[in-house]
Each structure stands twice: as C-alpha cells, then as structure tokens.
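FYI, side chains are in, hydrogens and waters are out, and symmetry mates aren't considered; it's all heavy atoms of this structure.
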Amino acid sequence: MLRPARKSRHLRNSTALAAVALGAALALTSTTAQAATPAPKHYVALGDSYAAGAGVPGQSAGLCLRSDRNYGHLVAGALKAGTYTDVTCSAAKIKAMTQPQYDAFIRVNDPQFDALTADTDLVTLGIGGNDLAASDLGLGELVATCIAGAVVNPLGTPCKDVYHHGYWDWSTWSWRYGNDDLAERIGSTITPQIATTLRQIHAKAPNAKVLLVGYPSVLPADGSTCVLRQPVTPGDVEYMYGVLTKLNAALRSTAAANGATYVDTATPTVGHDVCSDDRWIEGALPGSPAVPFHPNATGEKAMADAVLAALR
C-alpha cells in the first residue's frame, strides 16, 4: 500500500504522463489536419457576384464589385495561400471565363481564365446563375421580372407564368403551363457549358484541385414566409426556389462527372434566406451591406466555411 507522500508523487507522475500523451495526440491530430489541407501555392478564385461578394465592404475592381471579405479571400487567408488571385466579377456569365466581360460597352474584366497558370494548385469556381437569363442582366433580370409581376398580380405567380409560359386553356377551363425556359437552360445550356469549363480548367491547371461552388439558400421552400417581407409573391418564391435547387443539382452532378468537387452552400445557409429573421442573404432592401438578393458578410463567411470543409 502506498504511503501518502509516495501516492501523491505517483498521482503527479501519472498526471504528467497523461498530459504528455494528450499533448502528443493533439499534435498528431493537428499535424494530420494540416497535412490534409496543405497551403496552396497558387489559389485562383473564379466566378460571378456571389463569388465576388458584391456590395460587401471593402469593394474593389470597379463594376466587378469584388469584396476583400468574399469567400475566396477568407479561404485564402485560412489556408495561408502562397499566392491568391481573385478575378471574380459581378454579372459574369460562363462565357466570361474565356472572353472579356463588358458592361454597357465598357470592358470591366479580362477573361478570367487568364489568371490560371501551370502552377495553380487550387481553383474555386462559382458560376452559372446569370446564365439562367437570356439577357446580360443575368439574375437581375429574374429578380426584376418577379418584382414587377408582383405589383400587377400580387396573388398569383407572374414570374413563373413568364418563364414557364403559363396560359389559360379555354378547352379545359384551366391554367396550364408550357415549357419551362429556366429548367431548359439548366439542362441544355448551363450544364454542358459548365462541363466544358471544368475540362478547360483541368487543361490549363493540370495539378489544381477544382471546387465548383453552388449557390446558397437565397429563398425559402415555403413562400408564405415571405409575405410582407419581400416584394415577390409566395408562389413565385417557391417557383424560384425550385429553379435554384435544380441549378445546384446540375452543378453537383456536373462536378462529379468532370473531376471537380462540388461545394454545397445551400444546406449551411438554410433558415438564413432573404425572408428569415436572421438573414445571411439580403433581400430587396438590404439590412447590411450587400447587393440585393446576394450574401452579406456573414453569408460569404458561411460559404467560405463550406469550401474549407470540402477541402478537409
């Protein structure tokens, strides 16, 4: 039986050994985590206004509305990237990857692919939303159509009626729909163009890990939560929610088929849409700095966290 003094020394020694063992385990865990996500030598961020952090201070790059708090900057800082090149630009469509971007005949950005080099080892790409629209306004066209329609038809689905070709069928005395332009663009235009874009990235940066970043939960699934909160009818909220869900699904499958990692930003932002009490995506009248219907600083942080999680 141990005497009190010897027992005390024995406990101290045991505690010290346990602390050393715990410290070694934590060091090993930390080293393993760091090894799983090494600091990229050259990280390039490509994409549109959601990737640019449009409206979030501080802004740069003129009409590109590029924020120093967008998810690319946050990811680069967290990973301690050797070189970070941000060429994201508001209103960018998929063609902006290989062509200069113009706004009212003013050249606002060079082809984003110009930033890619043979030593690029990390690429994030957030693109496709603006290609839902036929005009150069991109997502802005959809927002304007939905808001304008709500003024004249506040109880209906004016936006859905435009893009889904709603009409009154006298033969059946019922409201019917034709082809859905937005769904067709996702399938026939956006998906194949994103696939081509991913293959081109692999060709220009063969050693790069490529992440295709999806869109956050801009709208809720239940349109009734937007009543008196946003100038869009509940039916159109649910219609556009479905469109963005289809777009994200297409991005996910296209990434998987073309050697890229899809980053789900919709799930971690659920409940923080434009109609919520805790908005990470701002609505028609932003409560914190951001372009309407775009992520604020908290939303960009949530998207950065999703990118970092995908890299682990």
Side-chain angles (χ1 to χ4, degrees), residues 36-38 40 42-52 71-72 75 79 85 87-89 92-99 111-134 138-139 142 179-218 240-270 302-312:
T37 312
H42 183 205
Y43 167 28
V44 176
L46 310 170
D48 57 21
S49 53
Y50 281 73
Y71 68 75
V75 168
L79 296 180
T85 306
V87 290
T88 57
C89 191
K93 291 193 172 189
I94 298 171
K95 65 182 181 181
M97 298 301 107
T98 56
Q99 301 175 26
Q112 294 192 25
F113 274 5
D114 287 358
L116 297 173
T117 59
D119 69 343
T120 300
D121 53 356
L122 177 61
V123 177
T124 52
L125 170 66
I127 202 74
N130 288 316
D131 291 88
L132 286 169
L139 284 170
L142 274 61
N179 293 331
D180 187 335
D181 290 342
L182 303 187
E184 285 192 355
R185 285 171 195 156
I186 291 172
S188 65
T189 304
I190 296 174
T191 297
Q193 287 185 1
I194 291 287
T196 298
T197 298
L198 292 174
R199 290 194 291 269
Q200 290 172 325
I201 292 173
H202 289 310
K204 292 182 70 69
N207 298 315
K209 183 173 182 61
V210 182
L211 281 70
L212 183 59
V213 183
Y215 289 87
S217 294
V218 180
M240 291 306 304
Y241 170 85
V243 169
L244 290 176
T245 299
K246 290 174 185 175
L247 175 60
N248 277 334
L251 294 176
R252 181 190 293 275
S253 61
T254 305
N258 292 275
T261 298
Y262 175 72
V263 180
D264 174 16
T265 65
T267 300
T269 54
V270 167
M303 295 177 77
D305 289 343
V307 171
L308 290 169
L311 285 169
R312 294 191 187 104

Return the minimal non-hydrogen interatomic distance between [X] and [Y], and the atom names on each side.
{"X": "Ala51", "Y": "Gly47", "answer": "CB-CA, 4.0 Å"}
{"X": "Ile190", "Y": "Gly128", "answer": "CD1-O, 3.5 Å"}
{"X": "Leu247", "Y": "Gly129", "answer": "CD2-CA, 3.9 Å"}
{"X": "Leu122", "Y": "Ala208", "answer": "N-CB, 4.0 Å"}
{"X": "Gly214", "Y": "Met303", "answer": "O-CE, 4.0 Å"}
{"X": "Gly138", "Y": "Ala133", "answer": "O-CB, 3.1 Å"}

Which pairs pass side chain to side chain donor-acceptor pair (under 3.5 Å) with one or both residues in residues 120-134, sequence neighbours excluded?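 The answer is His42-Thr120, Tyr43-Thr124, Thr117-Thr120.
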Residues Thr98, Thr197; criterion side chain to side chain contact (heavy atoms under 4.5 Å, CB included); working and verdict: CA-CA 9 Å; Thr98 56; Thr197 298; over 6 Å; no
Check side chain to side chain contact (heavy atoms under 4.5 Å, CB included) between [X] and all other residues, then give those that pass, not counting sequence neighbours.
{"X": "Ala92", "value": "Asp48, Ala96, Gln101, Gln112, Ile127"}
{"X": "Asn258", "value": "Ala195, Leu198, Arg199, Thr254"}
{"X": "Asn207", "value": "none"}
{"X": "Ser253", "value": "none"}

Would you please test Thr265 and Asn248 for side chain to side chain contact (heavy atoms under 4.5 Å, CB included) and show each step? CA-CA 9 Å; Thr265 65; Asn248 277 334; 5.8 Å; no
Side-chain touch Met97/Ile201, heavy atoms, less than 4.5 angstrom: no
If you measure from [atom1] on [X] to [atom2] on [Y], what distance do you get to the nearest 0.5 Å?
{"X": "Ser217", "Y": "Leu244", "atom1": "OG", "atom2": "CG", "value": "9.0 Å"}
{"X": "Thr88", "Y": "Leu46", "atom1": "OG1", "atom2": "CG", "value": "8.5 Å"}
{"X": "Ile186", "Y": "Lys246", "atom1": "CD1", "atom2": "NZ", "value": "7.0 Å"}
{"X": "Gln200", "Y": "Leu116", "atom1": "CD", "atom2": "CG", "value": "10.0 Å"}

Between [X] (side chain) and [Y] (backbone), is there a donor-acceptor pair under 3.5 Å?
{"X": "Arg185", "Y": "Leu132", "value": "yes"}
{"X": "Thr191", "Y": "Ala250", "value": "no"}
{"X": "Thr85", "Y": "Val44", "value": "no"}

Please check if atom OH in Tyr241 has more than 12 non-hydrogen atoms from other residues, nucleotides or ligands closer than 6.0 Å.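 12 or below, so no.
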List the steps, then state whether side chain to side chain contact (heavy atoms under 4.5 Å, CB included) holds for Leu211 with Leu311. CA-CA 9 Å; Leu211 281 70; Leu311 285 169; 3.8 Å; yes
Just jot down the salt bridge (Lys or Arg N to Asp or Glu O under 4.0 Å) partners of Asp181, sequence neighbours excluded, or say none.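 Asp181 satisfies salt bridge (Lys or Arg N to Asp or Glu O under 4.0 Å) with no other residue.
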Not counting sequence neighbours, list each pair that qualifies as a ring-ring contact (aromatic ring centres under 6.0 Å, His included) and has a residue in residues 186-215.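 As it turns out, the ring-ring contact (aromatic ring centres under 6.0 Å, His included) pairs with a partner in residues 186-215, which skip direct neighbours, are Tyr50-Tyr215.
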Sequence neighbours left out, what passes side chain to side chain donor-acceptor pair (under 3.5 Å) with Thr245? Give chain and number order.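 Counting only residues at least two positions away or on another chain, Thr245 forms no side chain to side chain donor-acceptor pair (under 3.5 Å).
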Go through the steps for Thr261 and Leu212 under the test side chain to side chain contact (heavy atoms under 4.5 Å, CB included), then give the verdict. CA-CA 6 Å; Thr261 298; Leu212 183 59; over 6 Å; no
